[in-house]
Number of protein chains: 2
Amino acid sequence: MTTDAGAPRNTHQRRAVSTLLGSVEGFHSAQELHSMLRDRGERVGLTTVYRTLQGLADAGEIDVMRPPGGEHLYRRCSEGHHHHLVCRSCGSTVEVEGPAVEHWADRVAEKHGFTDVSHTLEIFGTCRDCG
Amino acid sequence: MTTDAGAPRNTHQRRAVSTLLGSVEGFHSAQELHSMLRDRGERVGLTTVYRTLQGLADAGEIDVMRPPGGEHLYRRCSEGHHHHLVCRSCGSTVEVEGPAVEHWADRVAEKHGFTDVSHTLEIFGTCRDCG
DNA sequence: GCCGACAATGAAATTGATTGTCAAAAACGC
DNA sequence: GCGTTTTTGACAATCAATTTCATTGTCGGC
């Protein structure tokens, strides 16, 4: 039995999810993405969508956001690390960057002896249109 | 047809939950809190625990954290605004403060025309003991 | 180009936390 | 104390997410 990690196989479905994420904007739930794939005529099971999204998230290729409302939202991760400013009413999102925040988070974690540090930061508010 | 908002009544159960939150440390799930109440001999239904926690959260008296794992965790909100550094393995939490981050978040949100701004920031890592 | 091993898929069933329902009980005002 | 209204709580319902497991498709070797 080879102890190799097992390379992920290049399947039609995996590519479909990846391609879809590259063509849509904003955050979408797994179920939304599944519906979109069906509309496109792609035959991908909901289970596979979840699994693929999980894999991509683990690989750091997509962002996962968990709004207070409930279901997880996924989005293609743009290069670099960034966070999101989300409107509570219309759901529009604005990408924001905060190098100082990243640095601060890492520094604080290391100060407490934590390694393999990651963090999530989400800003919620009411945008001008919805105010 | 009184349009009054309905004053919350001061019930035994509500006080039990509130008291419990004041006496425990760290974050606990609703079901954990429910079990603790039972251990204490308090007779409170799980439904009521959820409702009470929701009410307290709405009132801003407790913090709600939603770790990647799944269930919501509640904690008595200490004065002032702070965030948490959570170990992925042992679950221990460290309170951290970052006035600069607060300020940055508000400033960014306002710059984009957002009002009624709030934010969530959680740092995950592996603590020294679990590393 | 073909075969066999083994991971990936997907439909259905399961899980598990959270929420809704509604009759019974308790709290508040008078 | 009495009546009204809120609150409670056991149970059912909901819903996203995961697991299961037989089938299918890929990959690597021949």
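Computed from heavy atoms alone, side chains included, the values below leave out hydrogens, waters and symmetry copies. The structure displayed is predicted, hence computed values, not measured ones. Just so it is clear: chains get the letters A, B, ... in the order the sequence lines come, proteins before strands, and each one is counted from 1.
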Compare side-chain N and O positions of A:Q13 against OP1 and OP2 of C:dG10 and report whether any pair is under 4.0 Å apart. yes
Starting at atom CZ of B:R43, determine the distance to atom P of C:dA25, rounded to an integer number of angstrom. 14 Å
B:L56 CG - D:dT7 P separation (whole Å): 13 Å
Euclidean distance, atom CG of residue A:L46 to atom P of D:dA17 [Å, nearest integer]: 9 Å
State whether the side chain of B:T52 and the backbone N or O of B:T48 hold a donor-acceptor pair below 3.5 Å, judged by distance alone. yes
Against the side chain of B:V44, the closest entry in D:dG9, D:dT8, C:dG10 is D:dG9
For residues A:L85 and B:V108, report the shortest heavy-atom separation together with the two atoms involved. CD2-O, 4.3 Å
Tell me: NE2 of B:H34 to P of D:dT8, nearest whole Å? 13 Å
Spacing of A:E32 atom CD relative to D:dA17 atom C1', expressed in whole Å: 16 Å
Nearest non-hydrogen partners of A:V44 and A:A16, listed with the distance: CG2-CB, 4.4 Å
So, B:Q54 side chain and B:R51 main chain: donor-acceptor pair closer than 3.5 Å or not? no
Counting only distance, no hydrogens or angles, is the base of D:dA10 paired donor-acceptor with the side chain of B:T47 under 3.5 Å? yes
Is the centre of the A:H119 ring less than 6.0 Å from the centre of the A:H83 ring? yes
Tell me whether the OP1 or OP2 atom of C:dA17 has a side-chain N or O from B:Q31 closer than 4.0 Å. yes
Would one find a side-chain N or O of A:Q54 under 4.0 angstrom from OP1 or OP2 of D:dA17? no
Nearest-angstrom distance from the residue atom CZ of B:R14 to P of D:dG9: 11 Å
Hey, is the side chain of A:Y50 poking within less than 4.0 Å of OP1 or OP2 on D:dA17, counting only N and O atoms? yes
When the distance from CZ of A:R38 to C1' of C:dA11 is rounded to whole Å, what number comes out? 12 Å
Measure from NE2 on A:H12 to C1' on C:dA7 and round the result to the nearest Å. 18 Å
Can you say whether a donor on the side chain of B:R51 sits under 3.5 Å from an acceptor on the base of C:dG20, or the other way round? no
Looking at the side chain of B:H72, which of C:dT18, C:dG10, C:dA8 is the nearest nucleotide? C:dT18
Of all the choices, C:dT9, C:dG10, C:dA27, which nucleotide is nearest to the side chain of B:T11 once you look at every atom? C:dA27
